[in-house]
Amino acid sequence: MRQKNGVLVTGGAGYIGSHVVKQLGEMGERLVVLDNFSTGFREAVLYGDLIEGDTGDTALVSRILRDYEVDAILHFAAHTIVPESVSNPLKYYGNNTCKTRNLLQCAAEAGVRHFIFSSTAAVYGIPEGPFATESSPNAPINPYGTSKLMSEWMLRDLSAASNLRHVILRYFNVAGSDPAGHIGQSTQNATLLIKVAAEVAVGKREKLLVFGTDYPTPDGTGVRDYIHVSDLADAHVRALEYLRNGGESVTLNAGYGHGYSVREVIDTVNKVNGRPIAVEEQPRRAGDPPQLVAAVGKIHETLGWMPRFDDLEFIVRTSIDWEKRLLEKPWGA
Ligand SMILES: NC(=O)c1ccc[n+]([C@@H]2O[C@H](COP(=O)([O-])OP(=O)(O)OC[C@H]3O[C@@H](n4cnc5c(N)ncnc54)[C@H](O)[C@@H]3O)[C@@H](O)[C@H]2O)c1
């Protein structure tokens, strides 16, 4: 019997999923993208068949898994805005947790063998030390993080009870855009620092709000581990290869293992931009840890993954270049 080799990418029209689709497409993988366009864009999908639909639609998902002979699912589809998850938690449990359960049910029924899940450093909440390792306690402090952690647990339990094997990637702060400039982060009303700073740099926003300047960090602002989206995409490619080579189910941090403060990011944006952006300092925001950096030994060892774009200036440059491109030709217009 012929081996199934189709790859389903849910949320492949979104920021991170579209960068993964690009890399897998360039390698000649048989791709099908399922996206409901709640935050994604048709223009972002450069390879594969694009199906408009929802991960909660059991009949549709089952049909796709059968028609495309899917043997691997990369599951990006989710809502991702932390403050919104606080004000509207059921939206997050519904889309991120319940619909992931639905997808897993379809995957189990179709005999899908490989599953790669987009999780988040938010499952750690506020870690005790500066580094979060994969065995640090799970203590999410918002419904977004909890909705993702519950999905991790379902996946873990299903893998234990079936032939499914999985890689859970816990992303830290994803930033930057495709170095070739074909696709990029186009999220509306973004809340992540580098994207927002790049929007200020090109005049799309008036100013950048900095939350907290009195943290116990070298310059008083929060420190985060920023990973370029193309390096993260490469980690997915390697995770797929790992599973196909018989790798065991595993949970891995995806970051660079060192951090930058908000002020360092702003300085870099100013340098790349050639002039300073407007900044307004605000008090600390509830629930923001002073420092959140990934321990990365496990991902290097397990996947043989090594970053290529571990350079803040490069990350910022690709972000600002993409904002300029969006100004000329907006997506979803
Ligand atoms: N951006 C980050 O820094 C970051 C950090 C940690 C984890 N993540 C995770 O990575 C994944 C991708 O995030 P992103 O930043 O690319 O977000 P995004 O909003 O750009 O992408 C999500 C995509 O999923 C689609 N979608 C949402 N719900 C769907 C559903 N029920 N059915 C079909 N399509 C649906 C959206 O239209 C969008 O295209 C998410 O699971 C997110 O939780 C992101």
Side-chain angles (χ1 to χ4, degrees), residues 8-22 32-45 50-58 60-61 64 73-82 84-85 91-103 106 115-124 132 140 142-152 155 168-178 183-196 224-233 235-236 252-256 292 294 315 319 322 331-332:
L8 168 63
V9 182
T10 74
Y15 169 43
I16 302 167
S18 62
H19 285 79
V20 176
V21 165
K22 180 173 186 250
V32 53
V33 171
L34 174 65
D35 203 295
N36 66 7
F37 301 115
S38 52
T39 54
F41 298 87
R42 283 183 189 281
E43 298 94 319
V45 183
L50 174 55
I51 296 177
E52 178 168 3
D54 199 282
T55 51
D57 183 341
T58 309
L60 175 64
V61 172
I64 292 171
I73 298 177
L74 284 81
H75 180 36
F76 297 91
H79 293 320
T80 67
I81 310 292
V82 170
E84 187 190 43
S85 81
K91 178 174 175 182
Y92 280 70
Y93 291 121
N95 198 44
N96 297 1
T97 312
C98 298
K99 289 183 183 176
T100 295
R101 188 209 163 278
N102 188 75
L103 181 67
C106 296
F115 199 99
I116 299 174
F117 177 59
S118 306
S119 192
T120 165
V123 301
Y124 297 119
N142 50 61
Y144 167 68
T146 309
S147 73
K148 287 286 180 171
L149 184 59
M150 288 161 76
S151 299
E152 285 196 12
L155 184 52
I168 292 169
L169 292 172
R170 291 179 175 159
Y171 311 162
F172 281 64
N173 288 55
V174 190
S177 286
D178 171 33
I183 52 175
Q185 186 173 17
S186 307
T187 323
Q188 305 286 342
N189 309 315
T191 51
L192 299 177
L193 175 67
I194 293 183
K195 167 82 178 163
V196 173
R224 295 291 180 274
D225 187 334
Y226 296 95
I227 176 172
H228 191 281
V229 65
S230 297
D231 273 336
L232 182 62
H236 288 77
L252 302 170
N253 283 344
Y256 286 153
L292 187 54
I315 293 175
S319 298
W322 182 251
W331 273 6

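We count ligands from 1, going down the list as the structure has it; atoms in each ligand are counted the same way. Please read these numbers as outputs of a predicted model, since none were measured by experiment.
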Item to complete: List the closest protein heavy-atom neighbour of atom 2 (C) of ligand 1: residue, atom name, distance to the nearest 0.1 Å.
Response: Val174 CG2, 3.7 Å
Discussion item. Taking a cutoff of less than 4.0 Å between a non-hydrogen atom of the residue and any ligand atom, is Ser119 in contact with ligand 1?
Written reply: yes
Worksheet item: Between Arg170 and Tyr124, is any pair of side-chain heavy atoms under 4.5 Å apart?
Response: yes
Practice prompt. Indicate, as side chain, backbone, both or neither, the part of Phe37 found under 4.0 angstrom from ligand 1 when only non-hydrogen atoms are considered.
Written response: backbone
Worksheet entry | Spacing of Gln188 atom CD and Ile81 atom CD1 [to the nearest 0.5 Å] | 11.0 Å
Worksheet entry | Close N or O approach (Thr55, ligand 1; < 3.5 Å) | yes
Fill in: Side-chain donor or acceptor of Ser186 paired with backbone N/O of Gly184 under 3.5 Å
yes
Item to complete: Mark the output for Phe41 as yes if a heavy-atom distance to ligand 1 is under 4.0 Å, and as no if none is.
Response: no
Worksheet item: Cut-off 3.5 Å, side chains only: do Glu84 and Tyr144 have a donor facing an acceptor?
Response: no
Discussion item. Side chain or backbone, does Leu192 bring an N or O within less than 3.5 Å of an N or O on ligand 1?
Written reply: no
Discussion item. Please list, in number order, the atoms of ligand 1 under 4.0 Å from a heavy atom of Phe76.
Written reply: 11 (C), 12 (C), 40 (C), 41 (O)
Worksheet item: Which atoms of ligand 1 have any heavy atom of Gly40 under 4.0 Å away?
Response: 36 (C), 37 (O), 38 (C), 39 (O)
Worksheet, complete the sentence: For Gly53, the atoms of ligand 1 under 4.0 Å from one of its heavy atoms are 32 (N), 33 (C)
Discussion item. Between Tyr171 and His236 (judged by ring centroids, cut-off 6.0 Å), do the two rings come close enough to count as a pair?
Written reply: yes
Worksheet item: Are any of the heavy atoms in Asp35 under 4.0 Å away from ligand 1?
Response: yes
Worksheet item: Of the non-hydrogen atoms in Gly332 and Phe41, which two are nearest, and what is the gap between them?
Response: N-CD2, 3.8 Å
Worksheet item: Which residue owns the protein heavy atom closest to atom 16 (O) of ligand 1, what's the atom, and how far is it?
Response: Ile16 N, 2.8 Å
Worksheet entry | Nearest-contact summary for atom 8 (N) of ligand 1 - protein heavy atom, Å | Tyr171 CD1, 3.4 Å
Discussion item. Can you name the atoms of ligand 1, numbered from 1 with element, that are less than 4.0 Å from a heavy atom of Lys99?
Written reply: 31 (N)
Fill in: Atoms in ligand 1 with a heavy atom of Tyr144 nearer than 4.0 Å
6 (C), 7 (C), 8 (N), 9 (C), 42 (C), 43 (O)
Item to complete: May I ask you to identify the nearest protein heavy atom to atom 19 (O) of ligand 1, giving residue, atom name and distance to one decimal place in Å?
Response: Thr39 OG1, 2.6 Å
Fill in: Minimum side-chain heavy-atom gap Val61-Leu103 below 4.5 Å
yes
Item to complete: Tell me, please: is Lys148 in heavy-atom contact with ligand 1, that is, under 4.0 Å?
Response: yes
Discussion item. Show the atoms of ligand 1 that are less than 4.0 angstrom away from any heavy atom in Ala78.
Written reply: 22 (C), 24 (O), 27 (C), 28 (N), 40 (C), 41 (O)
Fill in: Minimum heavy-atom distance between Leu292 and Ala132, given as atom pair plus value
CD1-CB, 4.4 Å
Worksheet item: Are the side chain of Lys195 and the backbone N or O of Gln185 linked by a donor-acceptor pair below 3.5 Å?
Response: yes
Item to complete: Measure from atom 5 (C) of ligand 1 to every heavy atom in Tyr226, Phe172, Tyr15, Tyr92 and give the option owning the shortest one.
Response: Phe172
Response to the item:
In this structure, atom 21 (O) of ligand 1 is nearest to the protein heavy atom Gly14 CA, 3.4 Å
Practice prompt. Give a yes or no on whether the backbone of Ala175 and the side-chain of His228 come within a donor-acceptor separation of less than 3.5 Å.
Written response: no
Worksheet item: Do you know which of Asn102, Asn95, Thr10, Asn36 makes side chain to side chain donor-acceptor pair (under 3.5 Å) with Asp54?
Response: Asn36
Worksheet item: Contact between Gly56 and ligand 1, counting heavy atoms under 4.0 Å?
Response: no
Discussion item. Taking 4.0 angstrom as the limit and counting only heavy atoms of Thr80, give me the atoms of ligand 1 inside it, by number and element.
Written reply: 13 (O), 17 (O), 40 (C), 42 (C), 43 (O)
Item to complete: Find all atoms of ligand 1 within a distance of less than 4.0 Å from any non-hydrogen atom belonging to Ala13, and give their numbers and elements.
Response: 39 (O)
Discussion item. Counting non-hydrogen protein atoms only, what is the nearest one to atom 28 (N) of ligand 1? Give residue, atom name and distance.
Written reply: Asn95 ND2, 3.0 Å
Practice prompt. Look at the aromatic rings of His19 and Tyr15 and report parallel, tilted or perpendicular, splitting at 30° and 60°.
Written response: perpendicular
Worksheet, complete the sentence: Shortest non-hydrogen pair, Ile183 vs Glu43, comes out as CG2-O, 4.3 Å
Item to complete: Assess the side chains of Asn142 and Tyr92: does a donor N or O sit below 3.5 Å from an acceptor N or O?
Response: no
Discussion item. Polar contacts were defined as any N/O atom of the residue lying under 3.5 Å from an N/O atom of the ligand; does this apply to Asn36 and ligand 1?
Written reply: yes
